Amino acid sequence: MPVTDVRGTDGRVAVTLTAAETQVPYDGGTRWAMTYNGTTPGPTLRVHPGDTLSITLVNDLAEPTSLHTHGLHVSPEQDDPFVMVEPGRSRTFTYDIPKDQQPGTYWYHPHVHQMTAQQVAAGLSGAIIVEGADDTTLADVSTDRVLVVNDPPITTANPDEGQSSGGSMMGHDGSMMGDSGTDMMTAMMGRTGPRLLTNGQDGVTLTDPAGKLERVHVVNATASTSLRLAYDGAQMLRLASPGGRLAAPQQASAVELAPGERTELVLVPGADGGTLTAQRLANEGRGGPTGEPEVVARVEPGAGADTSVLPASFHSDDRDLFAPDVKVARTRAITLDGHMDPTIDGKPFDADTVNFTAKEGTVEEWVIKNNTPMVHPIHLHTWPFQTEGQAGWQDVVSVPAYGEKVIRVPFDDFTGTTVIHCHILDHEDTGMMAVIKVVP
Ligand SMILES: [Cu+2]
């Protein structure tokens, strides 16, 4: 089933997304999924900086759901992780996409504390592509694709049915269940499905005239799995970090994406095309590869030939937050603790407690220290940041087991209250989330 595009006119993009349990086509039959408008992933929303994006979320699920526009630099009032839509209800969310929003690949998904992992794993996700001037040039020389990768349960019915009523009980495997209805092993390791799917299928086939450049926007929409992408065609070029375009395309032999992260790649086909694969990385210890590489996309040469070339440079936000002249208003030490019950600074998530207060217009340095044997990919809403030693902008930072990462966050443009959390969504659901308030 192809992923549909939603575009707007005159600076307005409007869409209704109906979340529901659906049977979707899979492997010659069907499988159970949670879908937006009957598909997983949901439609790709294509917007421009300065646009108004209006999403009416209709909840036809049997449980609350919500909406988060991951990576967009929009106000916490508009992208509010505390607003839920109850079953049978609907709500319209309006997002004013700023004029300085970096063109790139973003995504939307539910953000319901204690249920985010199961809803995202079940298929509730879709891409948001912010298009700028370079996208017009790129569209002339490449074929644009959106590849949403996830690893849902492959099943005929809701695997969490009857397991989310609270209290502790025994899981399918005999292990104890926590309050969110998830067995403790899953809560600790993060849930995975049996196969990586791309746009809901076991890999997609991309056919174009021989030599045509394939530009792929890849979203890691898994609930808990970091991925290593590799390509065996002639060449793979990385055009963007998760938070926006790089100044120039970079040749890459592999690209790692934490859960929630995105990339934009150009696949240069060889004479026989090429195959883009993803290998899962462990959430424990050194985060090494586990299992075999799985097919994301096969590039197959079709009729005709194409010799287009990529632009040598792009518009990018080239601010360097680690430059010597950047004034750091505050340095904060943040610790990731707990193994069975992961926490931030030792405190489990409480929506009514502000954990961090920052001042609008300042740059903060966060030293994030991980005291656990697992990798934690930490995501901050609203404000993209830079990570020491990494190119470009990010909105997720993977902090290695017993290691630390340093990020710098510019709290530009908005005040308000939002969250930081682990994007191993089972960790978010069990408490590895904190409230941040930005004040004038
Ligand atoms: Cu985590």
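Treat the numbers as computed from the prediction; the structure is a model and nothing was measured. The chain is numbered in sequence order, starting from 1. Note that ligands are numbered from 1 as they come in the structure, with each ligand's atoms numbered from 1 the same way.
Here the rule is ring-ring contact (aromatic ring centres under 6.0 Å, His included) with His379, and of His109, His111, His423 only His423 fits it.
A donor and an acceptor atom, one from each side chain of Asn370 and Glu404, are nowhere located under 3.5 Å apart.
Shown here are the salt bridge (Lys or Arg N to Asp or Glu O under 4.0 Å) partners of Asp79, two or more places apart in sequence or in another chain: there are none.
Counting only protein N, O or S atoms, the number found under 2.8 Å from the Cu ion (ligand 1) is 3.
When the shell of 6.0 Å around CZ of Arg332 is examined, it contains more than 12 heavy atoms from other residues, nucleotides or ligands.
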Assess whether side chain to side chain donor-acceptor pair (under 3.5 Å) is satisfied between Thr387 and Gln394, documenting all intermediate values.
CA-CA 7 Å; Thr387 306; Gln394 292 86 37; 2.8 Å; yes
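Taking the six-membered ring where the residue is Trp, Phe349 and Phe82 present parallel rings, their angle staying beneath 30° rather than reaching 60°.
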